[in-house]
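Here's the structure, in structure tokens; my notes come after.
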Amino acid sequence: MIATVPPDEPQPVLAHNQPDWRRLVEVLTMGFVGSVMVTLWGWGSPQGGVPTHVRLIGVAVAVSGIAGLIAIIIAWLRSRKLVGRRVLTLVVWSLPLLFSPPLLSQDGWAYAAQGWILTQGMDPYRVPQGLAEVLGKAVDTPWQATTAVYPPGSLWIQAAVVKIAHADPTWSVMLMRVPALIGVALMVWAVPRLARYAGTDPDHALWLAVCCPLTTLSVVGGMHNDGLQVGLSLVALVVAIRLALIGRGWLGLVLGGAFVGLAGSVKQPGVLAGVGIVALVHVNAVRHGGRRWLTRNCWTALLARIAAGAIPALTVFGGISAIHGLGMGWLNSTAGSPVSVTSDSPIALVVQFLRGSGGIPLNRLIGPATGVSLTLTVAAMMWCWVRWGPIPPCHIRLGRIASRSRNAVNVVTGRIGSPLRLQAGVMIVFAAFGASLQPWYLIGPLALLASVQLRRTHRDAVIGGVVATAILTMMQWYWSPYVCLPLVIVGYLIVWRIPKAWAFVTAAN
């Protein structure tokens, strides 16, 4: 494939050394044992929070989980230079997790409860999750009185899994891992292809985005539907790229848009991939086109491509939503608000602080918090487009302002931008300014960051961030984000200032 990165960009360090068999056996064993320990911890810690009564068995279970997480992280870091062994390590490390309950989150039980409600002929957008008999009782307490928050695509997948399991509570939950595994498989297929397109090392991208502890523990272990949503989003980008490179960009927009609609029907952030497919097809057409208006960097061509990608995406999303009349029920007030539960989102943390310390009722905070979140998200996405997106020439004069502002000059003269950086930026700001932020929401942005060119310091910061986020996920099983998030941030900064520790955490050796 043709690399799209300008020649003045920092080039990746490609590793093609012969496999170190001793190290391979070491990391396979360490990661496998770590996953076994985390699985045992999962069965011994079915509920989050610190137990009321500290018992010896409880301490042993907690130690097992912590030691297992450390082993998985070290195995991952040690495996960085084992080129060509990514799928093997991913499979070996994931095997024990296949037999665990939902790890580090109770979302798997919520999926099963929603699927059970739908198989009983009831509407998950009207019937609270807590009423799903045995499965409903296992749903996390804050969500038991709320209805489903996921689009219909997720609900139909969940219902199919429950139907296959004959509504058995245990098997209904355990089989929720199947869609997650499909998502991981899609990521394994798509991430290296995006990396090759961007001119980066596909092996390293696979190591960073798919084999990392955040993905294995949250998607394989936690069963989160983010895995399937991210996988479908990445497939949409790859389809758009491949068809654009062979001169069939319009077909790429149609098929890529269809995958975007499918990803959005699994979980709402999937629609963000629509930004990337439009930018990718437009940039490729401008680079390899002729004199026709459709191959020029003009507003008419860009708007036409936006429409060509949006129509199939909306058609697929709307078609799935229309099945059984489920519609847009995830927007109902009964679904609850993401800001009502403490998470790592800055907006949610502020809401909970005002609610607890200021005594302000939650219902008076939800509206303003949602408005602030939407405003910041839209503004940040617009900035991302100005910074990395394709901008056709605008025939306006800005006088002295244009001579002093780099961005103003770009707006005037036009620029084709960097589509994958744009997609990464959009995903990052959506997560950062959203009303809710959980560690597994970062898997999508991580997949894009792993695929684009990064300077060494930035790449190391991402690797360190993956380690910190994996630790944060485990800590938040026991304590509130108010406690965990500051501790992890301070710990990250301390390690960053110690050269030997930072070299270890970033797998420099």
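Nothing here was measured: the structure is a model prediction, and the numbers come from that model. Numbers for residues simply follow the sequence, beginning at 1.
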Open item on the list: Any heavy-atom pair between the side chains of W388 and W383 that's under 4.5 Å?
Closed with: yes
TODO: Please answer whether the main-chain N or O of L448 pairs with a side-chain N or O of Q423 as donor and acceptor at a distance below 3.5 Å.
DONE: no
Task: Heavy-atom closest pair, residues L97 and L103 - done: CD2-CD1, 3.8 Å
- [ ] Over all heavy atoms of both residues, which pair between P151 and S265 is shortest? Give the atoms and the distance, please.
- [x] CB-O, 3.1 Å
- [ ] Using a cut-off of 6.0 Å, state whether more than 12 heavy atoms not belonging to F99 lie near its atom CZ.
- [x] no
Open item on the list: Can you see whether S100 engages R177 through a side-chain donor-acceptor pair at a distance of less than 3.5 angstrom?
Closed with: yes
Task: Q158 side-chain N/O to A113 backbone N/O, donor-acceptor pair under 3.5 Å - done: no
Task: Candidates L194, T200, L422, L420 - the one meeting side chain to side chain contact (heavy atoms under 4.5 Å, CB included) with V452 - done: L420
TODO: Decide yes or no for Q229 and P269: does some side-chain heavy atom of the first lie under 4.5 Å from some side-chain heavy atom of the second?
DONE: yes
Open item on the list: Quick check on W171: does its CH2 atom have over 12 non-hydrogen neighbours (other residues, nucleotides or ligands) under 6.0 Å away?
Closed with: no
Task: Value rounded to 0.5 Å, distance of CG in L446 from CG in L208 - done: 5.0 Å
Task: Considering all heavy atoms, the nearest V219-A180 contact - done: O-CB, 3.3 Å
Task: W502 ring center near Y492 ring center (under 6.0 Å) - done: yes
TODO: For the residue pair W440 and H224, categorise the inter-ring angle as parallel (less than 30°), tilted (30 to 60°) or perpendicular (more than 60°).
DONE: parallel
TODO: Run through D107, I157, V162 and flag the one making a side chain to side chain contact (heavy atoms under 4.5 Å, CB included) with M176.
DONE: V162
TODO: Answer yes or no: is there a donor N or O on one side and an acceptor on the other, between the side chain of T215 and the main chain of A209, under 3.5 Å?
DONE: yes
Open item on the list: Quick check: W109 with W143 (ring centres under 6.0 Å apart)?
Closed with: no
Task: Check: W76 ring centroid to W93 ring centroid under 6.0 Å - done: no
Task: side-chain contact (heavy atoms from CB on, under 4.5 Å) evaluation trace for V188 with L90 - done: CA-CA 10 Å; V188 169; L90 177 63; 3.7 Å; yes
Open item on the list: Quick check for you: to the nearest 0.5 Å, what is the distance between Q114 atom CD and Q129 atom CD?
Closed with: 4.5 Å
TODO: Would you indicate whether the side-chain heavy atoms of V191 and S451 approach each other to under 4.5 Å?
DONE: yes
Task: Salt-bridge contact D20-K81 (side-chain N to carboxylate O under 4.0 Å) - done: no
TODO: Give, for atom NE2 of H282 and atom CZ of R287, the distance between the pair rounded to the nearest 0.5 Å.
DONE: 11.0 Å
Open item on the list: Just so I know, are the side chains of L186 and L234 near enough to count as touching, which here means a heavy-atom distance under 4.5 Å?
Closed with: no
TODO: Determine yes or no for a side-chain-to-main-chain donor-acceptor pair under 3.5 angstrom, with T216 supplying the side chain and S94 the backbone.
DONE: no
- [ ] Determine, stepwise, if the pair Q438 / D226 fulfils side-chain hydrogen bond (donor to acceptor under 3.5 Å, both in side chains).
- [x] CA-CA 11 Å; Q438 300 294 349; D226 300 74; over 6 Å; no
Open item on the list: Which heavy atom of D203 sits nearest to which heavy atom of G84, and what is that distance?
Closed with: OD1-N, 2.9 Å
Task: Y111 (side chain) donor-acceptor with S154 (main chain) under 3.5 angstrom - done: no
Task: Distance, nearest 0.5 Å, that separates CE of M474 from CD1 of I70 - done: 9.0 Å
Open item on the list: Are the side chains of I471 and I73 in contact, using a 4.5 Å heavy-atom criterion?
Closed with: yes
Open item on the list: With a 6.0 Å cut-off (strictly less than), is the heavy-atom count around CH2 of W156, excluding the residue itself, greater than 12?
Closed with: yes
TODO: Would you check if I320 and L262 make a side-chain contact, meaning some heavy-atom pair closer than 4.5 Å?
DONE: yes
- [ ] State, with a plain yes or no, whether a side-chain heavy atom of W207 is found less than 4.5 Å away from one of R85.
- [x] no
- [ ] Examine Y441 together with F430 and report whether their ring centres are nearer than 6.0 Å.
- [x] no
Open item on the list: When you compare the side chain of L98 with that of L181, does any pair of heavy atoms fall below 4.5 Å?
Closed with: yes
TODO: To the nearest 0.5 angstrom, please state how far the CZ atom of R80 sits from the CZ atom of R23.
DONE: 11.0 Å
Open item on the list: For L88 and V91: C-alpha separation, side-chain torsions, deciding distance, then whether side-chain contact (heavy atoms from CB on, under 4.5 Å) applies.
Closed with: CA-CA 5 Å; L88 175 62; V91 169; 5.8 Å; no
TODO: Would you confirm whether T469, through its side chain, and G465, through its main-chain N or O, come within 3.5 Å as a donor-acceptor pair?
DONE: yes
- [ ] Give, for atom CD1 of I72 and atom CG of L217, the distance between the pair rounded to the nearest 0.5 Å.
- [x] 4.5 Å
